[in-house]
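Lettering follows sequence order; numbering is per chain, from 1.
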2 protein chains.
Amino acid sequence: MMLPTQAKQTLESALAEHGLRSTRQRECVFAVVAASMDHPTADAIYSRVRESLPGISLATVYNTLETLVSCGLVRQVNFEREPSRYCPLSEPGKHHAHFHCTRSGKVFDVHLPESFMKDLEALLPPMFRIDKVDLCISGQNRGENPSGHVEPD
Amino acid sequence: MMLPTQAKQTLESALAEHGLRSTRQRECVFAVVAASMDHPTADAIYSRVRESLPGISLATVYNTLETLVSCGLVRQVNFEREPSRYCPLSEPGKHHAHFHCTRSGKVFDVHLPESFMKDLEALLPPMFRIDKVDLCISGQNRGENPSGHVEPD
DNA sequence: ACTGATAATTGGAATTATTCCAATTTCAAG
DNA sequence: CTTGAAATTGGAATAATTCCAATTATCAGT
């Protein structure tokens with residue numbers, strides 16, 4: 001897993017902003033998450049990262065994921081009490097929700113337009129300052145999959 | 001903790017619909033949750049229930065909460081990876097979100113109007129059948145509390 | 001390059017909410 | 001009452017995550 005130069009810049013400046021160093025481990029974990037569209041768990045990330053960094057420890061994967069989340073590069077997603085999943089967070093201003101198919105276990109991103117976020121904000125008492133919004137929808141995907149044909153997952 | 005006759009009816013019929021019996025333990029756990037506006041954890045519910053049923057086990061509290069959730073009487077609420085919290089679910093058709101104050105730890109219900117739920121549905125690919133929506137907003141409550149005066153939690 | 005100070009990583013132990021399980025108790029119906 | 005199913009119980013087990021002390025890597029200043 002190699003990190004494109006541009007992504008490397010992104011990582012390094014985000015870390016620097018928080019007074020943190022860029023390391024091989026952080027680069028690699030970031031590269032794996034950035035390349036993963038399937039919302040992997042820490043464990044799955046661990047095994048993917050080990051393909052390029054066999055000696056990395058699970059503790060470091062957890063530490064790094066926490067670091068990346070706090071730098072705003074990665075998002076942690078929780079469904080019920082399942083193990084946390086992680087996804088890349090490219091544009092900081094853009095919000096997305098998650099659809100969790102209870103049949104297949106797959107997770108889909110759902111883009112949330114600015115208008116929707118505004119509506120949501122309007123529903124809250126005005127003195128509640130929003131830091132984070134977690135919206136998870138679960139159900140079953142009975143539709144077309146990306147390959148274009150219909151199947152029940 | 002005594003359960004009002006009407007609530008008892010609700011519980012008994014909901015349980016009966018699922019082929020389940022009403023028991024002292026279930027009545028009491030239900031009564032505690034129904035009377036709790038603070039979104040208690042299983043542990044908190046356990047200690048409240050023990051005031052009327054000192055011999056109840058934590059396992060039963062967990063079992064019962066699961067039962068009540070599956071009967072649609074109680075809602076399980078998760079913030080990040082914190083212990084699950086529970087709240088009464090009076091009207092089955094009515095949706096609400098949760099605002100989690102990161103300063104005080106308090107949880108507030110946020111009513112979601114039907115129009116908002118419709119908007120949300122419209123954002124999803126049409127073949128996604130929604131079973132459940134979990135919306136958690138976290139941030140800080142800098143506003144008036146129910147007693148009417150302003151304080152920083 | 002070298003050195004010291006600081007930060008990051010590591011392996012393994014610890015934590016903790018929750019689930020599991022086998023044994024007992026309760027319940028409702030015949 | 002008896003009997004079979006359902007519910008409860010205490011304690012053990014699970015599993016994701018966090019903690020910790022020891023090692024290793026990195027950076028800044030010489």
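- When the C1' atom of C:dT26 is taken as reference, atom CZ of B:Arg24 falls 8 Å away, rounded to whole Å.
- Using a 4.0 Å cutoff on non-hydrogen atoms, no part of residues 34-54 of chain B comes near DNA chain C.
- For the side-chain hydrogen bond (donor to acceptor under 3.5 Å, both in side chains) test, residues two or more places apart in sequence or in another chain that qualify with A:Ser36 are A:Arg48.
- With sequence neighbours left out, B:Asp131 forms a salt bridge (Lys or Arg N to Asp or Glu O under 4.0 Å) with B:Arg129.
- A parallel orientation is assigned to the rings of A:Phe79 and A:His100, their planes being inclined by less than 30° (bins at 30° and 60°).
- Partners of A:Tyr46 according to the ring pair (Phe, Tyr, Trp, His ring centres under 6.0 Å) rule, which considers only residues two or more places apart in sequence or in another chain, do not exist here.
- The pair B:Lys132-A:Glu80 counts as a salt bridge, with a side-chain nitrogen and a carboxylate oxygen less than 4.0 angstrom apart.
- Here the shortest heavy-atom pairing between B:Leu53 and B:Cys28 reads CD1-CB, 3.8 Å.
- Look at B:Ser84 and you'll find a side-chain N or O under 4.0 angstrom from OP1 or OP2 of C:dT18.
- The CG-P distance, from B:Leu15 to D:dA6, rounds to 14 Å in whole Å.
- Scored by the salt bridge (Lys or Arg N to Asp or Glu O under 4.0 Å) test, A:Glu91 finds A:Lys94 as partners (sequence neighbours excluded).
- Looking at residues 61-80 of chain B, you'll see B:Tyr62 sit with a heavy atom under 4.0 Å from some atom of DNA chain C.
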Distances for protein N/O vs nucleotides 6-8 of chain C N/O pairs under 3.5 angstrom?
from, atom 1, to, atom 2, distance (Å)
C:dT6, O2, A:Arg21, NH2, 3.3
C:dA7, O4', A:Arg21, NH1, 3.2
C:dA7, O4', A:Arg21, NH2, 3.4
C:dA8, OP1, A:Arg21, N, 3.2
C:dA8, OP1, A:Arg26, NH1, 2.8
C:dA8, OP1, A:Arg26, NH2, 3.4

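- Among the nucleotides D:dT17, D:dG10, C:dT10, the one closest to any side-chain atom of B:Ala59 is D:dG10.
- Under the salt bridge (Lys or Arg N to Asp or Glu O under 4.0 Å) criterion, A:Arg75 pairs with A:Asp134, sequence neighbours left out.
- Taking B:Phe116 as the reference, A:Phe116 meet the ring pair (Phe, Tyr, Trp, His ring centres under 6.0 Å) condition, with sequence neighbours excluded.
- Atom CZ of B:Arg81 and atom P of D:dT17 are 4 Å apart (whole Å).
- Heavy-atom nearest nucleotides on DNA chain D were determined for B:Ile56 and for A:Leu58, and the one closer to the 5' end corresponds to B:Ile56.
- When the P atom of C:dT18 is taken as reference, atom CD of A:Glu82 falls 14 Å away, rounded to whole Å.
- In this view, B:Lys8 and B:Glu27 satisfy the salt bridge (Lys or Arg N to Asp or Glu O under 4.0 Å) rule, not counting sequence neighbours.
- For the residue pair B:Thr60/B:Ser57, the side-chain donor-acceptor check at 3.5 Å is satisfied.
- Helix-axis bend for the helix from C:dA1-D:dT30 to C:dG30-D:dC1: the local axis fitted to the five terminal pairs at one end deviates from that at the other end by 30°, rounded to 10°.
- Counting heavy-atom neighbours within 6.0 Å of B:Arg24 CZ, excluding the residue itself, gives a total of 12 or less.
- A:His95 meets the side-chain hydrogen bond (donor to acceptor under 3.5 Å, both in side chains) test with no other residue; sequence neighbours excluded.
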